[in-house]
Amino acid sequence: SQQGEEDPQALSIQEGENATMNCSYKTSINNLQWYRQNSGRGLVHLILIRSNEREKHSGRLRVTLDTSKKSSSLLITASRAADTASYFCATGTYTGNQFYFGTGTSLTVIP
Amino acid sequence: EAQVTQNPRYLITVTGKKLTVTCSQNMNHEYMSWYRQDPGLGLRQIYYSMNVEVTDKGDVPEGYKVSRKEKRNFPLILESPSPNQTSLYFCASSSSFGRAIQETQYFGPGTRLLVL
């Protein structure tokens, strides 16, 4: 399987702290996406980073990509209770049409 | 409102009884896909479709069928469901002018299936 893995599997932090989660993948990629899932609901797209980018920001989110290590990280700054969710990275095959999601990081932000 | 809809949202069935889960999107997206989500395994792609009459297998296609006769609809068919197909299923769509991985996927609310 070419499925990626997120690390850690679960993360619990206090409101206001930063949360960092990592994604490792197995194949060469064109782009990598991060998604958020609130308990049992559909996934919501957060951010896309292209293979020629090293870092990207969107509001309180910062994503980095290291293609040499086949890894990406998602940093959520100044976390809020509403950030409590599972976070998944997604990569695609070279053709870009088949998706592989990681196993997810479950984030709990304690008010 | 732009959305992906799935029906039914919850389904309990018995082994061997054929079922269909419908998926429809109103965004005129070319790309549609089905995933299953299981604890500890994340999301795994079952089938995807680049456009009408074009479908391809994902990572876990065994036991499933799909069809894409219209651009907006992408039903998932379980001809003879088995207990190991008990899972949470998601449909997703995206525009696909180039590689689908370059585009945001929009997900439906999910269908929770229990096969007894």
Side-chain angles (χ1 to χ4, degrees), chain A residues 1-10 21 23-53 56 58 63 65 67 72 85-106, chain B residues 2-6 9-10 23 25 27 29-51 54-62 68 87-113:
Chain A
S1 172
Q2 299 182 51
Q3 192 174 30
E5 288 188 9
E6 277 89 346
D7 171 61
Q9 286 189 321
M21 51 206 87
C23 165
S24 59
Y25 56 91
K26 299 180 181 179
T27 63
S28 297
I29 62 168
N30 292 296
N31 303 292
L32 184 144
Q33 301 182 18
W34 282 91
Y35 286 82
R36 185 177 95 173
Q37 181 184 36
N38 290 89
S39 186
R41 297 187 179 181
L43 279 72
V44 175
H45 181 262
L46 293 176
I47 196 166
L48 179 153
I49 186 165
R50 304 190 187 284
S51 57
N52 61 355
E53 296 176 314
K56 197 163 184 179
S58 176
V63 169
L65 179 64
T67 53
S72 174
S86 292
Y87 293 83
F88 296 87
C89 65
T91 59
T93 55
Y94 180 75
T95 60
N97 299 325
Q98 188 171 344
F99 281 82
Y100 298 99
F101 279 82
T103 50
T105 291
S106 176
Chain B
Q3 60 181 350
V4 178
T5 57
Q6 295 179 228
R9 296 288 312 281
Y10 304 91
C23 172
Q25 50 93 5
M27 295 169 279
H29 284 164
E30 293 81 11
Y31 185 92
M32 297 187 74
S33 180
W34 276 103
Y35 298 89
R36 60 177 290 173
Q37 184 175 26
D38 302 288
L41 296 177
L43 277 84
R44 293 178 292 168
Q45 193 170 33
I46 303 171
Y47 270 96
Y48 62 95
S49 170
M50 295 297 296
N51 215 324
V54 181
T55 61
D56 280 294
K57 295 178 180 178
D59 227 15
V60 288
E62 296 77 20
R68 188 88 182 274
S87 187
L88 178 58
Y89 291 87
F90 290 101
C91 180
S93 74
S94 69
S95 61
S96 179
F97 298 108
R99 298 186 175 102
I101 189 65
Q102 296 178 163
E103 308 294 339
T104 298
Q105 285 196 88
Y106 295 84
F107 280 79
T111 295
R112 198 170 288 276
L113 172 65

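Here is the naming used below: chain letters follow the sequence lines, and residue numbers restart at 1 for every chain.
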Heavy-atom closest contact (B/Q105 atom, A/Y35 atom, distance): N-OH, 3.0 Å
For the student: nearest non-hydrogen atoms of B/T104 and A/Q33, plus distance: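 Result for this residue pair: CA-OE1, 4.4 Å.
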Value rounded to 0.5 Å, distance of CZ in A/R41 from CZ in B/F107: 15.5 Å
Short side-chain to backbone donor-acceptor contact, B/Y35 and A/F101, under 3.5 Å: no
Proximal component of B/Q6, with respect to chain A [non-hydrogen, under 4.5 Å]: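 When you check distances to chain A, no heavy atom of B/Q6 falls under 4.5 Å.
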Crowding at CD, A/Q9 (>12 non-hydrogen neighbours, <6.0 Å):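 For A/Q9, atom CD is not crowded (no more than 12 foreign heavy atoms under 6.0 Å).
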Proximal component of A/Q37, with respect to chain B [non-hydrogen, under 4.5 Å]: side chain
